Amino acid sequence: MSNVTSALNGREVTGVTTIREGGFRGMITLRGDLSNANLKKVCKAVTGVDMPAQRGVNMHGESGLAWMSPDELLLLVPHDAADESVAKIDAALNGTHYLAVNVSDARALITVQGKGAREVLARVCPADLRASGLPKGEMRRTRLAQVPTAIWTQDGDDFAVICFRSVAGYVFDLLANAAKTPGPGLL
Amino acid sequence: MLTLECPYCSIQADETELHAGGEAHLKRETVGSLDNDFEDYLFMRENPKGVHFERWRHVAGCGKWFHAARCTMTLEVFGTYSAQTLAPPKDLREKISTKRPGWTWRAFS
């Protein structure tokens with residue numbers, strides 16, 4: 001069997017702002033009634049964090065929960081725990097209307113770190129990326145240039161971007177290009 | 001440039017994050033409809049100068065469809081509301097009436 005590789009094999013462009021392909025991460029799309037007690041319980045059991053509020057993202061290490069829409073969550077788990085996590089969800093929600101799919105290898109994670117990360121992202125994004133528009137612990141689903149992505153930050157400086165694996169090269173090059181020159185430091 | 005607030009994720013979404021879905025509150029004609037009604041459903045659209053109701057999808061965001069009321073002349077957005085409804089909410093219609101007295105749009109006013 002061939003080895004599993006991440007989208008860009010950990011590619012990295014260093015500079016004032018460093019763009020790095022984030023490597024392996026387990027991602028599970030979960031659709032269903034987010035107010036369901038069983039759903040909340042199994043999400044907590046799988047990721048170890050509480051249910052986020054609207055647009056929220058709660059992270060603990062590699063694991064976390066992100067609010068994607070009123071009926072959709074993204075569960076982040078270690079890459080090798082994705083399949084067993086889906087099995088746990090299936091067992092817990094058996095009989096209710098839901099959908100849980102392991103999408104780990106359909107997605108890519110790219111990190112934008114260092115000074116000016118907000119500006120690098122804002123150059124290619126229509127969303128309000130000021131600290132007031134995208135505070136810590138909030139996930140903004142938007143687009144970077146031509147493709148849909150989800151952006152969030154845990155500490156206010158370092159950002160994580162999730163996109164489809166098929167456009168990972170595009171998003172990486174886009175961000176690397178945007179990071180070539182330092183911004184005016186407005187954000 | 002339009003900025004609409006998505007009623008599902010409460011984000012001020014830029015027009016380029018959205019996908020326009022055409023006129024709102026169309027009643028679908030189907031099997032058993034009169035030919036004229038079906039033709040109206042397929043082809044006849046409002047083209048107002050002023051208050052207009054549209055469907056939009058937050059395509060680069062939460063992916064949900066919603067409704068928006070806006071003015072086609074000034075691009076003023078009166079409000080957005082859920083897709084799970086057959087008519088604009090009363091408070092939105094009253095809000096439009098204060099800004100555009102005497103407005104009508106299809107059966108609504």
Side-chain angles (χ1 to χ4, degrees), chain A residues 29-35 51-57 65-74 99 101 103 106-107 121-135 137-153 161-164 166-167 170-171 174, chain B residues 1-26 28 52-93 95:
Chain A
T29 281
L30 176 61
R31 294 197 94 124
D33 177 5
L34 302 192
S35 62
M51 188 66 91
Q54 186 187 46
R55 298 199 305 279
V57 47
L65 278 175
W67 188 97
M68 302 292 270
S69 82
D71 59 358
E72 182 180 351
L73 284 176
L74 179 69
L99 175 80
V101 183
V103 295
R107 302 275 170 85
L121 287 163
R123 282 174 169 176
V124 288
C125 176
D128 177 3
L129 294 185
R130 290 172 298 177
S132 57
L134 183 64
E138 196 170 286
M139 181 179 269
R140 180 70 154 88
R141 295 181 72 185
T142 179
R143 66 181 175 86
L144 289 184
Q146 308 282 329
V147 296
T149 51
I151 304 167
W152 84 97
T153 175
V161 174
I162 289 177
C163 64
F164 288 114
S166 57
V167 294
Y170 172 81
V171 172
L174 183 75
Chain B
M1 180 70 76
L2 279 172
T3 305
L4 302 177
E5 183 179 328
C6 171
Y8 294 95
C9 55
S10 308
I11 274 177
Q12 295 290 332
D14 177 297
E15 184 182 339
T16 60
E17 280 184 48
L18 304 167
H19 180 79
E23 188 174 319
H25 306 303
L26 293 176
R28 185 176 180 183
H52 194 32
F53 294 86
E54 291 171 323
R55 300 168 75 230
W56 287 85
R57 182 172 180 240
H58 195 186
V59 67
C62 65
K64 298 295 180 197
W65 283 98
F66 60 92
H67 285 129
R70 66 179 183 100
C71 177
T72 57
M73 192 163 63
T74 63
L75 297 190
E76 178 179 2
V77 177
F78 300 116
T80 54
Y81 52 100
S82 157
Q84 281 73 41
T85 180
L86 299 173
K90 190 161 175 285
D91 55 343
L92 180 64
R93 280 183 280 149
K95 187 179 164 193

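A quick note: this is a predicted structure, and the numbers were derived from the prediction, not measured. A note on names: the letters A, B, ... follow the listed sequences, proteins ahead of strands, and every chain is numbered from 1.
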If the cut-off is 3.5 angstrom, what donor-acceptor pairs do you find between chain A and chain B?
residue  : atom : partner : partner atom : Å
A/Gln54  : OE1  : B/Ser10 : OG           : 3.4
A/Gln54  : NE2  : B/Tyr8  : O            : 2.9
A/Gln54  : NE2  : B/Ser10 : OG           : 3.4
A/Arg55  : NH1  : B/Cys9  : O            : 2.5
A/Asp71  : OD1  : B/Lys64 : NZ           : 2.9
A/Asp71  : OD2  : B/Lys64 : NZ           : 3.0
A/Arg140 : NH1  : B/Glu17 : OE1          : 3.0
A/Arg140 : NH1  : B/Glu17 : OE2          : 3.4
A/Arg140 : NH2  : B/Glu17 : OE2          : 3.3
A/Arg141 : NE   : B/Gly61 : O            : 3.2
A/Arg141 : NH1  : B/Gly61 : O            : 3.3
A/Arg141 : NH2  : B/Gly61 : O            : 3.3
A/Thr142 : N    : B/Ala60 : O            : 3.3
A/Thr142 : OG1  : B/Glu17 : OE2          : 3.2
A/Arg143 : NE   : B/Thr16 : O            : 3.3
A/Arg143 : NE   : B/Thr16 : OG1          : 3.3
A/Arg143 : NH2  : B/Thr16 : OG1          : 2.7

Exercise for review: Measure A/Ala127 against the heavy atoms of chain B and call it side chain, backbone, both or neither at under 4.5 Å.
Suggested key: both
Point to revise | Best-contacting candidate, A/Gly133, A/Pro126, A/Ala150, against chain B by heavy atom pairs under 4.5 angstrom | key: A/Pro126
